[in-house]
Amino acid sequence: MTTADTAFARLRRYERALYHCATCNYCVSAVWPQRGIDGVCATLRSHSPAASYSGKGYLATARALLEGEALDLHAVAERAYACTTCGNCEAVCPIDMPPTAVVKALRAELAERGLAPPAAQQLRDDVLARQNPWGAPAAQGADWSLGLAPHPQPTLWLLPGCAASHRHPAEARAAAQLLSVIGFDVGWPQQETCCGAPLAALGFVHEADHQGEALAAGVPAGPVLAMLGGECLAQLRARDRPAESVLQLLHAALHDGRLAVAPRADAPPPVVVAVQDSCHLSKPHHGLGDVDAPRLLREVLAVLGCQITQPAAAPWFAICCGAAGGMAQLQPASAQRMAGACIASADHLGAEALISANPLCAGHLAGSAGARLPVYGICEFIAAHFAVAGPDA
C-alpha cells in the first residue's frame with residue numbers, strides 16, 4: 001500500500017511546522033552537561049540508531065506523506081511504533097518543533113487504515129476486554145487492596161491506574177495507607193477502568209476517548225480525586241475533572257505537618273538515591289507542568305533526608321525508561337535495554353536506590369533491575385523505610 005492518494009488530515013494541522021525543522025540534530029545527539037542532557041532519544045540508543053527513528057525523521061516522514069510521496073506505509077508503521085512518545089525531542093528542540101505530536105498523529109492515521117502492528121492491536125484488545133494493556137485478568141486489578149477496606153463515605157477517591165494495580169501493586173497499597181494516615185477517608189473503585197492513555201498513545205483515538213469517558217463517569221462527584229499515574233491524571237483532566245497527583249498530596253502533608261516520618265531502625269533508608277523522572281509528569285507536552293512533579297519529588301526526598309545524584313536540571317531532559325508509548329509491549333527487548341540503561345546510569349552515579357513518582361516507570365524498572373538496584377515508587381519507598389504518623393498522633 002502506498003500513499004499517493006491519501007490525505008492524512010491529522011498531519012495537516014502540523015504542516016507549517018514540518019517545513020521549519022532546521023535539521024540541527026538536537027533531537028538526535030544533543031549533549032549539554034550543564035542542563036543534564038547527554039543524548040536525547042531512548043529509541044536511537046536502544047532500538048535503532050537510524051535517523052528515521054528520530055524526531056527529525058518523523059517530521060521528514062510526515063512532510064513526505066503530505067507531499068504525496070509514495071512511501072511504504074508498513075515501513076512507516078514499523079518506525080512510528082518504535083517511538084516511546086516521551087517528548088524529550090520536543091523538550092530539547094531550540095525552535096519548538098512538535099515531533100511527538102506528529103508521531104502520535106501518524107499513528108492515528110495508520111491505525112485508522114488497519115496498519116497498526118499486531119502487537120499494538122493486541123494491546124488495544126487487552127485494554128478493551130481486560131482494562132489493562134498487559135492482558136492480565138481484570139479481577140487482578142483489585143489484588144493490591146486485599147485486606148484493606150475502602151471507606152463507605154470517602155473524602156478522597158484514589159484511582160491507582162492499571163500500571164500501579166497490575167504492575168506495581170506495592171505502590172497502590174502504600175498510597176492508600178499513607179493517604180489514610182494523612183487524614184483522608186480513602187475509597188477506590190472495586191472494578192478497574194483503564195483511562196485510555198495506552199490506546200491514545202498508539203493512535204486508537206476513538207477507543208481511548210470511550211475509555212476516558214467511562215473512567216470519568218465512574219468517579220464520584222464529591223471526594224478529592226487522587227491519581228497515581230501521570231498518564232491517568234492527564235486523561236481525567238482532559239475531561240474537566242479536577243484531580244490531583246498523590247505526589248501533590250504527599251508533598252503538602254509532609255510540609256504542613258499532617259504527615260510525620262522517622263527512619264525505621266529495622267530498615268534504614270538509603271541516603272543516596274537516583275530519581276527516574278516520569279516523562280508524563282515532567283515533559284511539557286503531556287500537559288502536567290502545573291503539577292511540577294520533579295520539584296515536588298525532590299523536596300519530598302529532601303524531607304526524607306535523601307541526597308539525589310542527578311543535576312538539578314535533569315528532570316526536563318531525562319531519557320525515557322522504555323515504559324511509555326506502548327514500547328514495553330511492542331518492542332519488549334528494546335524496552336528492557338532502555339530500562340537497563342537508566343538503571344546502569346543510576347548505579348554509575350553511586351545511587352543506592354532508584355525512585356519514581358509514576359508507577360508506570362517504577363513497575364517497568366523494577367521488572368528490569370534484578371538484584372542490581374532496588375526500585376521504588378515514592379509511596380512504597382516511604383512505607384518500606386519510614387515510620388509514619390498523622391495529625392492525630
Side-chain angles (χ1 to χ4, degrees), residues 14 17-18 21-33 35-64 71-72 74-107 110 117 119-120 201-203 276-280 282-286 310 313-346 348 360-361 364-365 368:
Y14 305 105
L18 298 178
C21 176
T23 63
C24 65
N25 262 25
Y26 264 62
C27 62
V28 176
S29 56
V31 175
W32 193 346
R35 300 187 75 182
I37 301 173
D38 182 14
V40 175
C41 180
T43 294
L44 293 178
R45 280 189 171 187
S46 300
H47 181 72
S48 170
S52 54
Y53 292 90
S54 69
K56 75 170 188 178
Y58 296 132
L59 294 174
T61 297
R63 188 166 61 242
L71 302 184
D72 180 345
H74 294 286
V76 169
E78 193 279 325
R79 286 156 177 78
Y81 281 94
C83 174
T84 69
T85 69
C86 74
N88 211 23
C89 52
E90 290 192 6
V92 303
C93 181
I95 56 173
D96 298 323
M97 290 293 97
T100 309
V102 166
V103 81
K104 287 182 177 180
L106 182 55
R107 285 180 171 187
L110 293 164
L202 295 180
Q276 181 64 38
D277 287 292
S278 158
C279 299
H280 287 96
S282 61
K283 307 298 183 192
H285 87 279
H286 288 291
Q310 295 106 319
W316 292 274
F317 308 107
I319 295 180
C320 183
C321 68
M327 198 74 186
Q329 292 89 354
L330 273 62
Q331 306 288 349
S334 298
Q336 287 292 305
R337 288 191 289 271
M338 293 173 186
C342 292
I343 294 162
S345 176
H348 175 73
L360 183 65
C361 303
H364 178 62
L365 289 163
S368 308

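All heavy atoms count here, side chains included; hydrogens, waters and symmetry mates do not.
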Problem set entry | Least distance between heavy atoms, Val102 atom then Ala62 atom | CG1-CB, 3.6 Å
Problem set entry | Distance-minimising heavy-atom pair for Ala77 and Leu110 | CA-CD1, 3.7 Å
For this session: State whether the side chain of Lys283 and the backbone N or O of Cys89 hold a donor-acceptor pair below 3.5 Å, judged by distance alone.
Result: no
Problem set entry | pair Glu90-Pro98: side-chain heavy atoms closer than 4.5 Å | yes
Exercise. More than 12 non-hydrogen atoms from neighbouring residues, nucleotides or ligands closer than 6.0 Å to OH on Tyr14, yes or no?
Worked result: yes
For this session: Indicate the atoms forming the closest heavy-atom contact of Ser52 with Arg79, along with that distance.
Result: OG-NE, 2.9 Å
Exercise. Are the side chains of Cys24 and Pro94 in touch, meaning some heavy atoms are under 4.5 Å apart?
Worked result: yes
Problem set entry | Shortest non-hydrogen contact from Leu106 toward Ala80 | CD2-CB, 4.0 Å
Exercise. Side chains of Ile95 and Cys93: does their closest heavy-atom pair fall under 4.5 Å?
Worked result: yes
Exercise. Could you state the interatomic distance from NE2 (His286) to OG1 (Thr85), rounded to the nearest 0.5 Å?
Worked result: 5.5 Å
Exercise. Out of curiosity, Arg63 CZ to Cys21 SG, how far, rounded to the nearest 0.5 Å?
Worked result: 6.5 Å
Problem set entry | Spacing of SG belonging to Cys361 relative to NE2 belonging to His280, to within rounding of 0.5 Å | 8.0 Å
Exercise. Given side chains that start at C-beta, do those of Thr84 and Cys279 come closer than 4.5 Å, heavy atoms only?
Worked result: no
Exercise. Just how far is it from atom CD of Glu78 to atom CG of Leu330, taken to the nearest 0.5 Å?
Worked result: 10.5 Å
Exercise. Closest approach of Ala120 and Tyr81, non-hydrogen atoms and distance?
Worked result: CB-CE2, 4.2 Å
For this session: From the options Ser278, Cys41, Cys320, Ser282, select the one residue that forms a side-chain contact (heavy atoms from CB on, under 4.5 Å) with Cys86.
Result: Cys320
Please output the side-chain donor-acceptor pairs of residues 42-50 that fall under 3.5 Å, not counting sequence neighbours, one pair per line with the distance.
| residue | atom | partner | partner atom | Å |
| --- | --- | --- | --- | --- |
| Thr43 | OG1 | Ala82 | O | 2.7 |
| Arg45 | NH2 | Asp38 | O | 2.2 |
| His47 | ND1 | Ser334 | OG | 2.7 |
| Ser48 | OG | Ala50 | N | 3.2 |

Exercise. Looking at Thr61, Asn25, Thr23, which one forms a side chain to side chain donor-acceptor pair (under 3.5 Å) with Lys56?
Worked result: Asn25
Exercise. Are the side chains of Phe317 and Asn88 in touch, meaning some heavy atoms are under 4.5 Å apart?
Worked result: yes
Exercise. How many angstroms lie between atom SG of Cys321 and atom CG of Leu360, to the nearest 0.5 angstrom?
Worked result: 6.5 Å
For this session: Could you pull out the closest heavy-atom pair between Leu71 and Ala64, with the gap in Å?
Result: CD1-CB, 4.0 Å
Problem set entry | NE2 on His364 to CE on Met338, rounded to 0.5 Å | 8.0 Å
